Protein chains: 2
Amino acid sequence: MTRVLLAEDDIELSESIVEILELEGFDVTAVNSAEDAIEVSLHEHFDIALLDLLMSGMTGVEAISNLRHNQPFLAVIIITAYATVDTAVDAMKKGADSVMTKPFKADELIVTVKRSLAEKQLLESRGDLDADLVYSALANPYRRKALRVLAGQKALKFMDLCRLVEIDDHTKFNFHIRQLKKAGLVMQNANKLYILTNSGRFVLTNHNLSSD
Amino acid sequence: MTRVLLAEDDIELSESIVEILELEGFDVTAVNSAEDAIEVSLHEHFDIALLDLLMSGMTGVEAISNLRHNQPFLAVIIITAYATVDTAVDAMKKGADSVMTKPFKADELIVTVKRSLAEKQLLESRGDLDADLVYSALANPYRRKALRVLAGQKALKFMDLCRLVEIDDHTKFNFHIRQLKKAGLVMQNANKLYILTNSGRFVLTNHNLSSD
DNA sequence: GTAAACTGTGAACTTTAGTTATCAGAATTC
DNA sequence: GAATTCTGATAACTAAAGTTCACAGTTTAC
């Protein structure tokens, strides 16, 4: 069951959020300060946290890094009545996944929570990807370069890709592209041209490959 | 010199921004569409891009991933007259580093640009990380687990960490932790306890290590 | 103070990654 | 249709990663 941590010092709003989310099948733990949220997160696992921005004591945004300390994959939504573009930008910079303005409708809340979870899910569930293979595939500069080249073009012939990666020995390059295929980052289309897989594209954009 | 790419289709505003930034010593290239910005970024290097959200054709936000494609460390600021919390959140999710609402004063612009550059600098200074070493360090499940464990706790003794990673042979574990140290992801504090380096924490949160 | 557990080092070994060379069928070119 | 380039398999080799073992100084427990 998906576990939600709610930190909100407005009792009425808190109760109403709990009700909405429990009806949707979430398991909600409600506290009324950022400090309590951090305390609870030391002992229990949560999938997502809803934090009010302004509470007595620490703000929701200040709590984010503490919470992530214990639970790196925690999704975080900041709730606030006084949201401006600046506060929203600041919250996102500090690690929030989304910002909601009070008051909101039940639907909005549910959609936002589910979307944030889905986005985390996407990251967390490498799906068909084997992390060992992916990282060891990325551990070689030729292969990172090949991925970057493929991301730029759409589809390339073996020899063209080889030349763009600047490997003179094509059989050596053949070895590396096979590693990439084995890791599921690269495949060949119907015409035998090399293209990135969806996983490959995902890894590339997500890992922010440095350009060596 | 710091190079700025400006994409803004309001000629007057564009000229005024160019003037403000050039007075501050920036080297500004102005275009009037997202498409042109992408085109220019293929051939020239920029440190930061200021993109209007709404232009004829592609939006500024849509252009972000294309721009980053060529220049992974590009800082991006989105400019818009119609910013709501939702559009700001969306822009940040899609990779913007900041969002500014029109109209803005010269001071605001300069502060925002300089701050965004400073924050990127911080990331880019992770240039002390050797990508080969980092990826090959991450290519082993024991080592990923050690990183995750260290992210959860603050500091651990050798044997405690070893047990948490569930390696029975401590000399084997010793080998792996040395790999992590060599990659700059882990270090020992004054009391010889093992902790994540800043780079290690950065890699961990940024790569969103799958939980095997 | 002594036994036990902790925190390593270094060498020998096994396994995997990466390179190079040779060859061969398929597709293109002329 | 002959020559040439493209694409790839295979084997033999070298380099690097990972494991295991033997040992030793340090700290902690009793």
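Every chain is numbered from 1, with letters handed out A, B, ... down the list of sequences. Remember, it's a predicted structure, so these values are computed and weren't measured experimentally.
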Next on the checklist: What does the B/S/- profile of nucleotides 7-16 of chain C look like, 5' to 3', with a 4.0 Å heavy-atom cutoff to protein?
Outcome noted: BBB-------

Next on the checklist: Holding to side chain to side chain contact (heavy atoms under 4.5 Å, CB included), I want the full list of residues that pass it with B/Asp86, two or more places apart in sequence or in another chain.
Outcome noted: B/Thr84

Item to check | Set of side chain to side chain contact (heavy atoms under 4.5 Å, CB included) partners for A/Thr2, sequence neighbours left out | outcome: A/Phe26, A/Asp47, A/Leu117

Checklist entry - Nearest-Å distance, CD (A/Gln179) to P (C/dT19)? => result 10 Å

Checklist entry - Mind checking whether A/Ile48 and A/Leu5 have side chains closer than 4.5 Å, heavy atoms only? => result no

Next on the checklist: For A/Phe46, give me all partners under ring pair (Phe, Tyr, Trp, His ring centres under 6.0 Å), at least two apart in sequence or on another chain.
Outcome noted: none

Item to check | Integer-rounded Å distance: C/dA21 C1' and A/Asp169 CG | outcome: 9 Å

Checklist entry - Considering only heavy atoms from C-beta outward, does the side chain of B/Asp9 approach that of B/Ser33 to under 4.5 Å? => result no

Checklist entry - Going 5' to 3' along DNA chain D, which nucleotides are the first and last within contact of chain B (any atom under 4.0 Å from a heavy atom)? => result D/dG18 to D/dA22

Item to check | Partners meeting ring pair (Phe, Tyr, Trp, His ring centres under 6.0 Å) with B/Tyr194 (sequence neighbours left out) | outcome: none

Next on the checklist: Which residues pass the side chain to side chain contact (heavy atoms under 4.5 Å, CB included) test with B/Asn189, not counting sequence neighbours?
Outcome noted: B/Ala155, B/Asn191, B/Leu193, B/Ile195

Checklist entry - With B/Asp52, which residues qualify under salt bridge (Lys or Arg N to Asp or Glu O under 4.0 Å), at least two apart? => result B/Lys102

Checklist outcome for this item: By side-chain hydrogen bond (donor to acceptor under 3.5 Å, both in side chains), B/Arg3 pairs with (sequence neighbours left out) B/Asp27, B/Thr29, B/Glu44

Checklist entry - Roughly, in whole Å, what's the span from OH in A/Tyr142 to P in C/dA17? => result 18 Å

Next on the checklist: Could you work out how much the helix from C/dG1-D/dC30 to C/dC30-D/dG1 bends, comparing the axis of its first five pairs with that of its last five, to 10°?
Outcome noted: 30°

Next on the checklist: The criterion is side chain to side chain contact (heavy atoms under 4.5 Å, CB included); which residues satisfy it with B/Ala7, sequence neighbours excluded?
Outcome noted: B/Val31, B/Ala37, B/Leu51, B/Met55

Next on the checklist: From OH of B/Tyr135 over to C1' of C/dA17, roughly how many Å is that when rounded to an integer?
Outcome noted: 19 Å

Checklist entry - Between C/dC6 atom C1' and B/Leu156 atom CG, what is the distance in whole Å? => result 14 Å

Checklist outcome for this item: Sorted by chain and number, sequence neighbours left out, side-chain hydrogen bond (donor to acceptor under 3.5 Å, both in side chains) with A/Lys157 holds for none

